[in-house]
There are 2 protein chains.
Amino acid sequence: MPKPGPRLRLVDVAERAGVSLATASRALAGREGVSEEVANRVRQVSQELGYVANPYARTLAGGASSTVGLVVHQVDDPYFSEIAGGVIQVAGEQGLLVQICHSGRDPDYELRQLRHLIAQRVGIILIAGSGYADPRVEAPARHELSAYQSLGGRVAVIGRHFLGVDAVLPDNTAGGRALGEHLLGLGHRRIAIASATGGLTTVLDRLAGVAEALQRHGLAIEDLPVVRTDFTRDGGRIAAEQILREHPDTTAIIALNDSMAIGVLSTLRAHRVGVPDRISVVGFNDVSVAADLAPSLTTVRLPMTDMGRMVLDLALKPRSKRPRRRSTGHALVVRDSTGPVPS
Amino acid sequence: MPKPGPRLRLVDVAERAGVSLATASRALAGREGVSEEVANRVRQVSQELGYVANPYARTLAGGASSTVGLVVHQVDDPYFSEIAGGVIQVAGEQGLLVQICHSGRDPDYELRQLRHLIAQRVGIILIAGSGYADPRVEAPARHELSAYQSLGGRVAVIGRHFLGVDAVLPDNTAGGRALGEHLLGLGHRRIAIASATGGLTTVLDRLAGVAEALQRHGLAIEDLPVVRTDFTRDGGRIAAEQILREHPDTTAIIALNDSMAIGVLSTLRAHRVGVPDRISVVGFNDVSVAADLAPSLTTVRLPMTDMGRMVLDLALKPRSKRPRRRSTGHALVVRDSTGPVPS
DNA sequence: CTGAAAGCGCTTACAG
DNA sequence: CTGAAAGCGCTTACAG
C-alpha cells in the first residue's frame, strides 16, 4: 500500500507569512485570538501556495475529521444511489469526503461496517438503509453509535430506526395510504401486495399506510394476500408468479418499492397479462426509470436526492438534546400502470 | 465538526503483551524481525482487545493509507453505481474504505476532485469515467497524477485515458461493431445514431466499432445521421425527437448507452412508433433494468461490477514499468427491441 | 494577540 | 530479535 508523500506543510505557510506555527493554525482554522490583519495575511499566503492541511495530522492532533461514512444496503440499487448522490453533493459543497460502504441488508455485516467506520475515525456516520422492526436487532449498533457520539461523533439516519439519533423520515405510511386510496378509488378490491421481509420498518410503515386506506373502505389488510420476498426485481418476479398462481382474480398489485414493481411488470408481460387492463401495478420511491417503463409506473415519489442532502445537513448541525426528526413529504405520481378495475 | 475520541492504543496492546511499542507495531504489520512466538502473542492480545490502529496516526507516521478514492461522473447513473458496487466489494474484502466523488463530466471539476483526493492523502485513486479524446484536456490531471504516483500513490482507470496509468479497457469498439453487424444482419440500412458529445473516448470508440461494421457492408458512417446530445435519458429523448423529425425513414437507432436508449424508447412510445416493428433500438452497457424494459432492450453487455473489481485489483498491485491494460470482453444481448427491417 | 512546547498514536531507522 | 527515540504535521493548552 502506498504512502502519501511530502507536501507543503503548515510551517511553510507560517514561515512565508512571518508568523508562528500556532498563529498560522489559528488563522486558518478561523479561531479567535488572531488579529484580523495577521489572519488575512496567513490566509492569503496559504491560498497562493495552494496549501491543504494534512488531514491525518490534523485529525490526530485533535482537530476535525472531514470524512463522512455512508452506509447503504447496496449502492447499485437506484434508491440508494440517488441518496448517495445527494450526500455527495452536499459533501462536495462542504469540502468533505464521503466513504460509502454496504450493509447488504444484514444487521451483523452492517455492525461490522459501522465498527470499521468508527475505527477509521470518520467524523460523521450516515445510515441510509431501513431500520429493523425488532429493536433488539439494532441494540448492538445503538450501543456502538452512542459511544461514538459521546466521543464527539455525529450520526444521522434515513428511516425509522431505534438508534436514538437524528433522522430523516420518509413518508412511508402516508405514501402507502395514498397508493391504497388511489387503487380503491379506481374500484379495485382484490389487491395483492408484493412485500419485502417484515423485519424492516420501511415495510411495516408502507403496509400500515395501505391498511389505513383499506380500513376507510371497510376492508382489512389481513384479508389480502401479502407475499413476502425481497426489495429487488427478482423479489418482484417471484411475488408476481405466486400471486398469479394463487390469486388469479387479483386486479391490482402493490409492490412495496419500484424495483419490485419492475419485476412484477416483467412477469406480467411474460404471462401476457395486460397492465393496467387486467391488473394495475403500483410501486414506491419513483426511481428515475419509473417514468420510462412501459407502461410507465404509478408510484409514490420520495425525494431521494434531497433525503441524502437532508441527512448530511442534520449531521452537520451540533448534536441536540433530543434527536431531530425531519419528514420528507411524498407525492403520488399517477402514470399508465394503473386504471379502473376491469369490469 | 466532531473529533474522534480516545480509544485503545497500540501501547495498550504492547503492555498487555509485555513487549515494546516497536515490537508490537512490527508484529501487527507482519514485518520481519520478530520471533514467531512473540508475534503470535501480540496478534492474539490485539485480537482479544479488539484493537484497531488509528489510521490517522499510522498514515502520518509514514504507514499505509487504507482508503481508495473513486471518481465517477455521477453515482446515480447505473453504469457507475454498478462499477462502484464492484469496487466496494473488493475494498470490503481488503479492509479498505472507498471515498466516492463526482466529476460531473467536467474536466475542471474532475481535476479539483483529484487534487482534493490527493490532498486527503488517499493511497489509491480510481477514475471510472470516460477519457477525453483530446489529450490536452487531461494534461493537467496527468501531471497531478504522475506527481502523486512518484510519491507512492497508485492510480488505475476505466476507459481509454491519456493518463499513462493502469487501465481496464471496456470493449467499446468490438461492442459497437457487434451492434452494427446485428442491425445490418437484420437488413437495416437507414440507421441513425444517438450519440453523446464527441469529446469522450468512449463515444469515439463505440462509433468506430459501428463504422467498421458498416464498412464491411460497403457503407460509411459519414452517411448516417449522428445526433450528439449526452449520455442521459434526456439526451436520448432529444436525439430521438430530432431523428424522427429530420430522418423519418430511419429504421434503426443506435443509442450509445442504455440511458440514452431508454430515452429513445420513451420518445418512440410517445409518438406511437412501434419498436421493433417500425424502428429497432439498441443500447450499450446492459444496465440491469435493460432486461425489464418494454420492449426489453437489445444491447451490448459490459461487466460493470467486474470492471469495478478489476480496476481496484490493478491498483492493488505494485506499479509496473509500463501501464497495465486489461480488456473486459463484451456480449451482444439480443432482446425484443430489435427485429428485421420493416418491408 | 502571539509564540514555544507538548502531545496526538503510530512507524521506522538506529543501536544493541 | 528487541527496544529507546525521533519524527510524521498538525492543534491546543500554557505562558507571556
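Proteins get letters first, then strands, A, B, ... in listed order; numbering begins at 1 in each.
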So, does [X] use its side chain to make a donor-acceptor pair with the main chain of [Y] at under 3.5 Å?
| X | Y | value |
| --- | --- | --- |
| A/S150 | A/A147 | yes |
| B/R142 | B/F162 | yes |
| A/T59 | A/P55 | yes |

Residue pair B/L314 / B/A156: nearest heavy atoms and the distance that separates them =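 Looks like CB-CB, 4.2 Å.
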A/A17 to A/V45 - nearest heavy-atom pair and separation |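 Looking at all heavy atoms of both residues, the closest pair is CB-CG2, 4.0 Å.
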Figure out the [atom1]/[atom2] separation between [X] and [N], and round it to whole Å.
| X | N | atom1 | atom2 | result |
| --- | --- | --- | --- | --- |
| A/Y56 | C/dC10 | OH | P | 15 Å |
| B/L21 | C/dT11 | CG | P | 9 Å |
| A/N54 | D/dG7 | CG | P | 18 Å |
| B/L28 | D/dT2 | CG | P | 14 Å |
| A/E15 | C/dA4 | CD | C1' | 15 Å |
| A/L60 | D/dC8 | CG | P | 13 Å |
| A/L8 | D/dC8 | CG | P | 15 Å |

Can you list, by residue number, the residues of residues 34-48 of chain B that have a non-hydrogen atom closer than 4.0 angstrom to DNA chain D?
->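 Residues of residues 34-48 of chain B that come under 4.0 Å of DNA chain D are, in numerical order, B/V34, B/S35, B/V38.
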Minimum-distance nucleotide (side-chain atoms of [X] versus [options]):
| X | options | answer |
| --- | --- | --- |
| A/R58 | C/dC10, D/dT11, D/dC8 | D/dT11 |
| A/R9 | D/dG9, C/dG9, C/dT11 | D/dG9 |
| B/S20 | C/dG7, D/dC8, D/dA4 | D/dA4 |
| B/T23 | C/dT2, D/dC10, D/dT2 | D/dT2 |

Would you call B/R309 and B/E93 a salt bridge, taking side-chain N to carboxylate O under 4.0 Å as the test?
->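 Looking at B/E93 together with B/R309, the answer is yes, because their closest N to O distance falls below 4.0 Å.
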With sequence neighbours excluded, give me every ring-ring contact (aromatic ring centres under 6.0 Å, His included) pair touching residues 76-109 of chain B.
->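 Matches after skipping sequence neighbours: B/H73-B/F80.
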Derivation of the salt bridge (Lys or Arg N to Asp or Glu O under 4.0 Å) call for A/R105 and A/D77 | CA-CA 12 Å; A/R105 299 190 203 276; A/D77 173 327; 3.5 Å; yes
Set of residues satisfying side-chain hydrogen bond (donor to acceptor under 3.5 Å, both in side chains) with respect to B/R160, sequence neighbours excluded =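 For B/R160, the residues satisfying side-chain hydrogen bond (donor to acceptor under 3.5 Å, both in side chains) (neighbours in sequence not counted) are B/D205.
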Listed partners of A/R115 passing side-chain hydrogen bond (donor to acceptor under 3.5 Å, both in side chains), at least two apart |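 Scan of A/R115 (side-chain hydrogen bond (donor to acceptor under 3.5 Å, both in side chains), adjacent residues dropped) gives A/E144.
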Secondary structure string for DNA chain D (Watson-Crick or G-U under 3.5 angstrom, | for other-strand pairs) | |||.||||||||.|||
A/L126, A/V168, A/T202 screened by side-chain contact (heavy atoms from CB on, under 4.5 Å) with A/I158, the one that passes |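 In the set A/L126, A/V168, A/T202, the residue that makes a side-chain contact (heavy atoms from CB on, under 4.5 Å) with A/I158 is A/V168.
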Determine: side-chain N/O of A/S25 to OP1/OP2 of D/dT11, distance under 4.0 Å, yes or no.
->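 The answer is yes; a side-chain N or O of A/S25 sits under 4.0 Å from OP1 or OP2.
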Any B/Y51 side-chain N or O less than 4.0 Å from OP1/OP2 of C/dC10 =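 The answer is yes; a side-chain N or O of B/Y51 sits under 4.0 Å from OP1 or OP2.
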B/D166 and salt bridge (Lys or Arg N to Asp or Glu O under 4.0 Å): which partner among B/R319, B/R154, B/K317, B/R325?
->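 The salt bridge (Lys or Arg N to Asp or Glu O under 4.0 Å) with B/D166 is passed solely by B/R154 among B/R319, B/R154, B/K317, B/R325.
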Shorter than 3.5 Å, N or O on both sides, protein versus nucleotides 13-16 of chain C: list them out with atom names.
from   : atom 1 : to    : atom 2 : distance (Å)
C/dA13 : N6     : B/R26 : NH2    : 2.8

